[in-house]
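Below is one structure, written out as structure tokens; comments come after it.
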2 protein chains.
Amino acid sequence: MSTDVPAAMPKYYLLKTELLAAIAGEQPGTLIPTERALAEKYKTSRTTVRQAISELVAEGKLGRIQGHGTFVAPPKITHVRQLTSFSDDARNQGLRPDSQLLSLAMAKADIDVAAHLGLDDGAVVTRLERIRLIDGEPLAHEIAYLPGKLPRFKANLEKAGSLYAALTDVYGIHISDVEDTVETALAGPEEVRLLGIEMGAPLLVVHRLARDAAGVPVEWTRSTFRGDRFRFVSRVKSTT
Amino acid sequence: MSTDVPAAMPKYYLLKTELLAAIAGEQPGTLIPTERALAEKYKTSRTTVRQAISELVAEGKLGRIQGHGTFVAPPKITHVRQLTSFSDDARNQGLRPDSQLLSLAMAKADIDVAAHLGLDDGAVVTRLERIRLIDGEPLAHEIAYLPGKLPRFKANLEKAGSLYAALTDVYGIHISDVEDTVETALAGPEEVRLLGIEMGAPLLVVHRLARDAAGVPVEWTRSTFRGDRFRFVSRVKSTT
DNA sequence: CAACGTTATTGGTCTATGCCAATCTTGTGC
DNA sequence: GCACAAGATTGGCATAGACCAATAACGTTG
């Protein structure tokens with residue numbers, strides 16, 4: 001045979017490619033045909049259509065709402081993650097960041113938190129849990145642990161406008177060194193509930209350990225970002 | 001009713017949770033029961049079992065091989081990504097890195113490459129495509145573009161042991177500033193072929209732009225890492 | 001005309017089943 | 001004993017269909 005047989009390609013992947021081409025250049029929000037209509041049009045089953053659409057949703061190319069339909073998704077947001085905070089960062093890009101306070105309380109450090117903050121197991125820490133929003137849309141879930149008890153923290157946090165601003169301006173805590181760890185994860189029920197995404201959606205999980213000039217840990221945070229809406233940038237300058 | 005109805009939970013998610021508990025503490029490589037056996041055991045369909053397993057595979061908890069079975073996967077590798085190269089990073093952690101050269105050739109910069117390297121469209125660039133392996137396992141796919149033509153590059157690359165070492169030691173190109181962009185993506189046929197993963201597996205895609213001390217771009221690279229086996233670390237030190 | 005309840009539409013989950021493809025096991029023949 | 005072929009096992013892909021849940025559209029009613 002002289003004809004080069006193309007690599008065997010799952011049908012759902014062909015469909016995914018066709019859909020991708022079809023939505024190229026469409027305005028975000030534009031509805032695409034229903035799953036049942038696509039199944040008929042492409043002479044396949046709804047299961048196969050859903051598999052194609054599901055991957056496009058996971059990649060942030062499409063979004064879908066039960067009872068409403070499937071639509072072209074808006075582009076990703078680029079988040080420059082440096083020494084800056086989420087809020088400052090978003091504002092620098094002309095976006096409207098917001099926070100929704102889920103809980104703010106004293107807690108006893110579990111083994112994991114204690115280890116990262118260099119505390120004894122069971123030591124008192126401040127636990128701050130928030131949802132981060134941009135332009136009203138929930139995009140990240142964040143739990144921050146700070147060593148010890150910070151007096152009048154809630155009020156100061158609100159006044160300062162951001163966690164880092166409050167730490168610096170009110171408590172004299174200067175962050176001079178951060179270490180971020182980034183990995184992928186899939187959304188479970190909690191993320192589905194808090195971020196309004198679907199089960200199994202890809203996430204970017206960032207763990208941040210911040211230290212002051214003396215190398216003492218001052219913050220340990222776990223942030224969960226929507227993988228379909230975010231992109232991280234980290235800049236590193238050589239000191240040599 | 002007094003009983004608090006638990007949040008509606010998909011059956012496949014319950015199964016996923018049970019499987020996760022079942023494999024906790026098992027040795028990597030241990031085979032779990034077959035999909036058909038699990039379907040029968042948990043009184044559900046194979047489709048549902050596959051959905052549960054698929055997510056665990058995507059999270060790097062399980063692996064599977066057609067005709068062989070489904071098994072407990074090895075833990076993630078932490079890849080510390082700073083100004084260092086892939087090879088140096090891995091070696092620093094006591095791992096055995098390797099590269100497989102797919103292609104090394106001169107090419108004309110397309111619009112995207114040209115824009116990032118600050119060149120004219122169609123300018124000559126060196127294109128280096130490699131598979132990165134650790135302990136013999138392919139973990140990343142990388143395409144690097146360098147401005148212009150580098151004499152005897154292939155030989156020097158092999159001798160130096162790493163791209164950055166070659167640039168520095170042989171060509172006198174010193175990287176002083178890098179900007180990494182990290183986002184999620186899903187594996188398509190090419191990644192499946194090159195990395196031996198499955199369709200739709202989560203990936204971490206990193207774009208790196210490296211500059212020399214004068215701010216001139218010297219490298220533009222797109223790296224695709226297996227999301228189930230990697231974790232990135234970035235450290236930032238304040239200069240103030 | 002506004003408010004409300006009903007109905008149709010659309011995505012979400014799950015079942016049952018068939019066949020294909022890669023791998024492993026077994027058996028046969030030399 | 002070894003090599004190879006045949007069969008069994010296991011995951012991969014796809015179909016068809018049922019029912020649920022959220023949303024939107026519509027029509028009735030006050």
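Residue numbers begin at 1 in each chain, while the letters A, B, ... track the order of the sequences.
When the P atom of C/dT13 is taken as reference, atom CG of B/Leu15 falls 15 Å away, rounded to whole Å. Taking atom CD of residue A/Glu55 and atom C1' of nucleotide D/dC13, one finds them 13 Å apart after rounding to whole Å. The separation between B/Leu38 atom CG and C/dT15 atom C1' is 17 Å, rounded to whole Å. Following rounding to the nearest Å, B/Glu35 (CD) and C/dT15 (P) show an atom-to-atom distance of 14 Å. To the nearest angstrom, C1' of C/dG18 lies 10 Å from CZ of B/Arg36. D/dT23 atom C1' lies 12 Å from atom CG of A/Leu31, rounded to whole Å. Rounded to a whole Å, the CZ atom of A/Phe71 is 11 Å from the P atom of C/dG11. Taking atom CZ of B/Arg46 as the reference point, atom P of C/dC14 lies 17 Å away to the nearest angstrom.
Of the possible polar contacts, none joining the B/Glu158 side chain to the B/Ala155 backbone as a donor-acceptor pair under 3.5 Å is found. Judged by distance alone, the side chain of B/His68 and the main-chain N or O of B/Arg64 form no donor-acceptor pair under 3.5 Å. Without hydrogens or angle criteria, B/Ser234 side chain to A/Ser234 main chain gives no donor-acceptor distance under 3.5 Å. Distance alone, capped at 3.5 Å, is enough to place a donor-acceptor pair between the A/Asp135 side chain and the A/Arg96 backbone.
Within the structure, every side-chain polar atom (N or O) of A/Arg50 is placed at least 4.0 Å from both OP1 and OP2 of C/dG11. Taking side-chain N and O atoms only, A/Lys11 has a distance below 4.0 Å to OP1 or OP2 of D/dT15. Look at A/Thr47 and you won't find any side-chain N or O under 4.0 angstrom from OP1 or OP2 of D/dA16. Between D/dT15 and A/Thr44, a contact under 4.0 Å exists linking OP1 or OP2 to a side-chain N or O.
Within residues 189-202 of chain B, no residue is approached by DNA chain C to less than 4.0 Å at the level of any non-hydrogen atom. For DNA chain C, the neighbouring residues in residues 59-66 of chain A, judged by any heavy atom under 4.0 Å, are A/Arg64, A/Ile65, A/Gln66.
Taking 4.0 Å as the cut-off between side-chain N and carboxylate O, A/Glu137 and A/Arg229 count as a salt-bridged pair. With respect to the salt-bridge test (charged N to carboxylate O, under 4.0 angstrom), the residues B/Glu142 and B/Arg208 do not qualify. Under 4.0 Å is where a charged nitrogen must lie from a carboxylate oxygen, and between A/Arg127 and A/Glu129 at least one such pair does.
For A/His68, counting side-chain heavy atoms from C-beta on, the closest listed nucleotide (C/dC14, D/dA24, D/dA14) is D/dA24.
In this structure, a donor-acceptor pair under 3.5 Å is present between the side chains of A/Glu219 and A/Tyr164. A side-chain N or O of A/Thr224 and one of A/Arg222 form a donor-acceptor pair less than 3.5 Å apart.
If you check every strand for non-hydrogen atoms under 4.0 Å, B/Thr34 touches sugar and phosphate atoms only.
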